[in-house]
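Below is one structure, written out as structure tokens; comments come after it.
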Amino acid sequence: MEVPREKDHGDFATGLAMLLARPARMAPRKIAEIIVNNFSLTGTWVERVEIAGPGFINFYLKPNWVYRVLPLILDRQEDYGRVSIGCGKQVQVEFVSANPTGLLHMGNARGAALGDTIASILDYAGYSVAREFYINDSGKQIENFGLSLEARYFQLLGRDVPLPEDGYHGEDIIDTVRGFIDQHGDALLQSESLERRAALVEYALAEKLEAIRQVLQDFGVHYDVWFSESTLLESGAIQDTLNILRERNYIYENDHALWFKASDFGMEKDEVVVRSNGLPTYFLSDIAYHRNKFLRGFDRVIDVWGADHHGHVARMKSAMAALGNDPAALEVVIMQLVRLYQGGELVRMSKRSGQYVTLEELVEEVGKDAARYFFVMRSSDSHLDFDLDLAKAETNENPVYYIQYAHARICSILRQYAEQYGERPAPGEADFNLLREESEFALARKLADFPGEVASAARGLAPQRIARYAHELAGLLHSFYNSQRVITTDRALSDARLLLVDATRITLRNALQLLGLTAPERM
RNA sequence: CUCCCAGUAGCUCAGCUGGAUAGAGCAACGGACUUCUAAUCCGUAGGUCACAGGUUCGAAUCCUGUCUGGGAGGCCA
């Protein structure tokens with residue numbers, strides 16, 4: 001049973017007869033006839049049944065059946081659209097997890113919008129959701145970070161010291177170190193390098209993390225857990241993980257390094273987990289981290305990664321399998337790259353040149369709502385062309401405003417109604433049989449689709465479905481608005497229409513909320 | 001060389017588990033403001049769903065191959 005695209009094909013349709021044709025060795029239309037002849041309409045919302053085309057059975061419902069959804073929406077309010085397919089299962093969504101050594105870029109921004117929206121949708125679909133940020137605060141890049149901070153420290157205190165070759169060249173850490181000196185003076189000049197770097201790193205990480213937290217908060221993203229990589233080392237979790245893998249016979253030594261037998265799981269080659277210098281690789285600590293996630297009891301673990309990490313997916317899944325976890329319980333959403341356009345030109349971004357747009361600048365430029373919408377309106381596995389000019393445009397070219405405008409319009413109607421007629425009617429007081437216009441049916445029918453859209457979006461981890469739904473719903477509202485008046489001299493009709501648009505307002509607001517966008521009452 | 005993603009209207013993209021005449025937005029063209037917000041609406045035009053085979057009642061969708069674009073293949077993360 002499905003909902004046909006063409007409304008001429010009924011409210012529901014089925015291709016059952018065609019599927020049965022082969023096993024039953026009978027013409028599809030003949031089978032359809034038998035089914036239809038044995039279908040009783042009494043006591044149902046079905047008005048008539050027709051056989052069409054090669055053997056489709058189309059069901060046409062009584063005209064006002066859709067309006068049964070209106071009292072439901074008005075009753076459930078912000079819960080309309082919630083479904084329970086998640087059955088309360090525990091899901092963790094980890095996203096962004098950017099190095100705390102720099103600023104957030106466009107790729108992080110897409111990950112933030114995507115991860116946060118996926119989490120919201122899963123929550124709405126009945127899962128118990130935890131959002132997590134993984135802090136890469138140990139390992140080689142932190143060592144580099146320390147060396148760069150140290151160099152800046154010396155430079156600011158008048159010594160001519162070059163930055164390390166593969167260090168952080170970003171100007172932002174100059175300010176960080178200046179802040180450190182303001183607070184702590186130059187006492188570290190006399191210290192051991194190790195001690196000096198540790199102090200600088202501790203200070204800088206705290207500052208950088210706080211900045212990241214703040215920027216993400218301004219972007220509407222809040223985390224339940226900030227998980228620090230270094231705790232894995234301190235707690236011995238990395239060693240434990242290695243031991244388990246070894247016990248299970250997935251570890252061997254070669255060239256003084258320890259290797260994980262990824263080839264046992266169909267990988268092309270094995271992977272180093274402990275370098276010949278005795279230090280664990282990023283891969284090993286990431287295995288330990290994911291093991292930790294499952295130990296915490298999550299039924300599903302979802303990671304949002306950039307396309308440049310896709311090679312890591314199969315490795316991590318095989319590591320989970322090696323540890324005895326179900327590799328299917330780890331799902332990785334891979335998002336393709338973001339390309340930034342301005343003035344019709346591709347904006348080249350590279351960290352090396354310091355030429356990149358940060359999330360902070362983006363929010364400042366185009367605003368949270370437009371930015372978030374643009375990031376989730378495309379499927380995560382499509383490349384995203386982000387048009388800065390379009391996102392900034394306060395015109396009809398911008399789909400964000402199109403949706404928000406629909407919401408604001410309804411709010412305006414509600415205000416006018418209150419002025420003219422006072423208290424709005426209770427759902428039971430309105431006669432929805434008065435709604436006979438095609439634009440009214442279409443609107444109500446779309447409203448009824450919302451819970452199903454949420455379920456689909458949750459199943460497919462596909463926020464773009466909600467973005468598209470909101471856009472389509474807004475379109476139907478605008479269309480209705482331009483063909484019919486809500487507030488008329490006919491009080492009964494006005495009441496019915498008022499509740500129709502109020503239900504639309506509620507649904508629009510819920511969809512916008514899922515996307516992390518505001519639902520303005522005036523524009 | 002191997003693997004991943006994409007290829008659909010002039011542009012950017014939807015198209016859920018295979019369904020009926022492939023859809024939006026932008027751009028183009030023509031209309032609608034004495035009317036609850038014109039950031040809106042209505043209409044016109046625009047297609048060899050990259051290409052070639054295959055699977056079947058039926059393919060943009062599934063399979064195979066080819067081509068094009070992007071990404072990945074470190075004792076980096």
Side-chain angles (χ1 to χ4, degrees), chain A residues 2 4-6 8-9 13-15 17-19 21-22 27-28 52-56 58 99 136 139-141 144 166 254-259 267-269 271-283 285-286 306-314 334-337 339 341 344 377-385 387 390 393-406 408-417 419-420 452-453 455-457 459-460 462 464-465 467-468 471-472 474-475 477-488 494 497-498 501 522-523:
Chain A
E2 64 198 15
R5 230 174 254 171
E6 283 292 319
D8 291 345
H9 297 142
T14 178
M18 275 112 76
L19 291 174
R22 180 185 273 266
F56 286 102
N58 296 338
N99 279 334
N136 298 113
K140 198 163 184 172
Q141 84 273 3
N144 273 332
D166 49 358
N254 189 26
D255 289 341
H256 307 290
L258 295 182
W259 297 71
M267 301 289 100
E268 269 180 54
K269 54 187 174 51
E271 300 289 334
V272 171
V273 287
V274 178
R275 302 185 185 94
S276 49
N277 63 9
L279 293 174
T281 60
Y282 167 84
F283 183 44
S285 64
D286 220 17
D308 52 342
H309 283 64
H310 88 259
H312 199 51
V313 177
I334 292 292
M335 52 170 185
Q336 300 297 319
L337 297 181
R339 282 181 300 218
Y341 283 84
M377 72 187 205
R378 300 290 178 232
S379 155
S380 56
D381 49 28
S382 276
H383 290 251
L384 181 73
D385 289 331
D387 186 332
L390 179 58
E394 293 195 2
T395 67
N396 55 339
E397 295 170 38
N398 195 327
V400 184
Y401 295 110
Y402 183 83
I403 300 168
Q404 294 183 322
Y405 185 52
R409 267 187 154 171
I410 297 170
C411 291
S412 174
I413 294 171
L414 294 176
R415 287 191 294 268
Q416 304 261 345
Y417 180 95
E419 242 173 64
Q420 195 162 334
E453 281 297 325
S456 290
R459 264 193 289 272
Q464 79 275 8
R465 292 188 70 98
R468 192 162 48 90
H471 195 261
E472 286 170 357
L477 185 277
H478 287 311
S479 198
F480 161 77
Y481 180 94
N482 276 276
S483 65
Q484 313 297 332
R485 284 189 61 86
V486 173
I487 300 170
T488 65
S494 301
R497 285 184 175 162
L498 187 82
V501 297
R522 294 171 204 272
M523 286 176 75

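Naming convention: chains lettered A, B, ... in sequence-line order (proteins, then strands); numbering from 1 in each chain.
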Sugar-phosphate, base or nothing in reach of [X], heavy atoms under 4.0 Å:
X	result
E472(A)	nothing
R468(A)	sugar-phosphate
R465(A)	base
A52(A)	base
S412(A)	base
N144(A)	nothing
T488(A)	nothing
A408(A)	base
A462(A)	nothing

Practice item. Please lay out, stage by stage, how I487(A) and I413(A) fare under the test side-chain contact (heavy atoms from CB on, under 4.5 Å). Key: CA-CA 8 Å; I487(A) 300 170; I413(A) 294 171; 4.2 Å; yes
Separation between the [atom1] atoms of [N] and [M], rounded to whole Å:
N	M	atom1	result
U17(B)	U12(B)	P	25 Å
G15(B)	A20(B)	P	16 Å
C63(B)	U55(B)	P	15 Å
G19(B)	C75(B)	P	45 Å
C41(B)	A24(B)	P	13 Å
A9(B)	A60(B)	C1'	14 Å
C51(B)	U44(B)	C1'	32 Å
G30(B)	C57(B)	C1'	44 Å

Just how far, in rounded Å, is [atom2] of [N] from [atom1] of [X]?
X	N	atom1	atom2	value
I413(A)	U40(B)	CD1	C1'	12 Å
E453(A)	G15(B)	CD	C1'	12 Å
F480(A)	U37(B)	CZ	P	14 Å
D385(A)	A14(B)	CG	P	11 Å
M377(A)	G15(B)	CE	C1'	16 Å
Q404(A)	U40(B)	CD	C1'	15 Å
R497(A)	U35(B)	CZ	C1'	14 Å
H471(A)	A39(B)	NE2	P	15 Å

Check your understanding: Reckon Q484(A) has a side-chain N or O less than 4.0 Å from the OP1 or OP2 of U35(B)?
Key -> no
Point to revise | Phosphate contact (A39(B) OP1 or OP2) by Y401(A) side-chain N/O below 4.0 Å | key: no
Exercise for review: Return the stems involving RNA chain B, sorted by first number, where pairs are Watson-Crick (N1-N3 with N6-O4 or O6-N4) or G-U wobble (N1-O2 and O6-N3), both under 3.5 Å, and runs are 3 or more long.
Suggested key: B:1-7 with B:67-73, B:10-13 with B:23-26, B:28-32 with B:40-44, B:50-54 with B:62-66
Heavy-atom pair with the smallest gap, counting every atom of [X] and [Y]:
X	Y	result
N58(A)	A52(A)	ND2-CB, 3.5 Å
R497(A)	T488(A)	NH1-CG2, 4.4 Å
M377(A)	P399(A)	SD-CG, 4.4 Å

Point to revise | Nucleic acid footprint by protein, nucleotides 41-46 of chain B - heavy-atom cut-off 4.0 Å, B for base, S for sugar-phosphate alone | key: SS----
Revision key, fill the gap. Per-nt protein contacts along nucleotides 68-77 of chain B (heavy atom under 4.0 Å; B base, S backbone sugar-phosphate only, - none) come out as --SBSSSBSB
Practice item. Kindly indicate, with the supporting measurements, whether the criterion side-chain contact (heavy atoms from CB on, under 4.5 Å) is fulfilled by Y481(A) and I410(A). Key: CA-CA 9 Å; Y481(A) 180 94; I410(A) 297 170; over 6 Å; no
Exercise for review: Check the chi torsion on C41(B) and let me know: syn if it falls within 90° of 0, anti if not.
Suggested key: anti
Exercise for review: Mind checking side-chain hydrogen bond (donor to acceptor under 3.5 Å, both in side chains) for Y417(A) and listing every partner two or more places apart, or none if nothing turns up?
Suggested key: R491(A), D495(A)
Review point. Of all residues at least two apart in sequence or in a different chain, which pass the side-chain hydrogen bond (donor to acceptor under 3.5 Å, both in side chains) check with S276(A)?
Key: none
Check your understanding: Between Q141(A) and Y282(A), is a side-chain contact (heavy atoms from CB on, under 4.5 Å) present by the stated rule, with each step listed?
Key -> CA-CA 10 Å; Q141(A) 84 273 3; Y282(A) 167 84; over 6 Å; no
When you measure from the side chain of [X] to the backbone N and O of [Y], does any donor-acceptor pair fall under 3.5 Å?
X	Y	result
R378(A)	H383(A)	no
N277(A)	L279(A)	yes
S456(A)	G452(A)	yes
Q404(A)	M523(A)	no
R275(A)	P280(A)	yes

Considering only side-chain heavy atoms of [X], which listed nucleotide, [options], is closest?
X	options	result
L19(A)	C57(B), U12(B), C36(B)	C57(B)
S382(A)	A39(B), A14(B), A20(B)	A14(B)
M523(A)	U35(B), C57(B), A39(B)	A39(B)

Exercise for review: Please tell me which of I487(A) and Q464(A) maps to the more 5' nucleotide of RNA chain B, matching each residue to the nucleotide holding its nearest heavy atom.
Suggested key: Q464(A)
Review point. With E271(A), which residues qualify under side-chain contact (heavy atoms from CB on, under 4.5 Å), at least two apart?
Key: A262(A), K269(A), F283(A), R315(A)
Practice item. Could you walk me through whether Y402(A) and H478(A) pass the side-chain contact (heavy atoms from CB on, under 4.5 Å) test, one step at a time? Key: CA-CA 9 Å; Y402(A) 183 83; H478(A) 287 311; 3.6 Å; yes
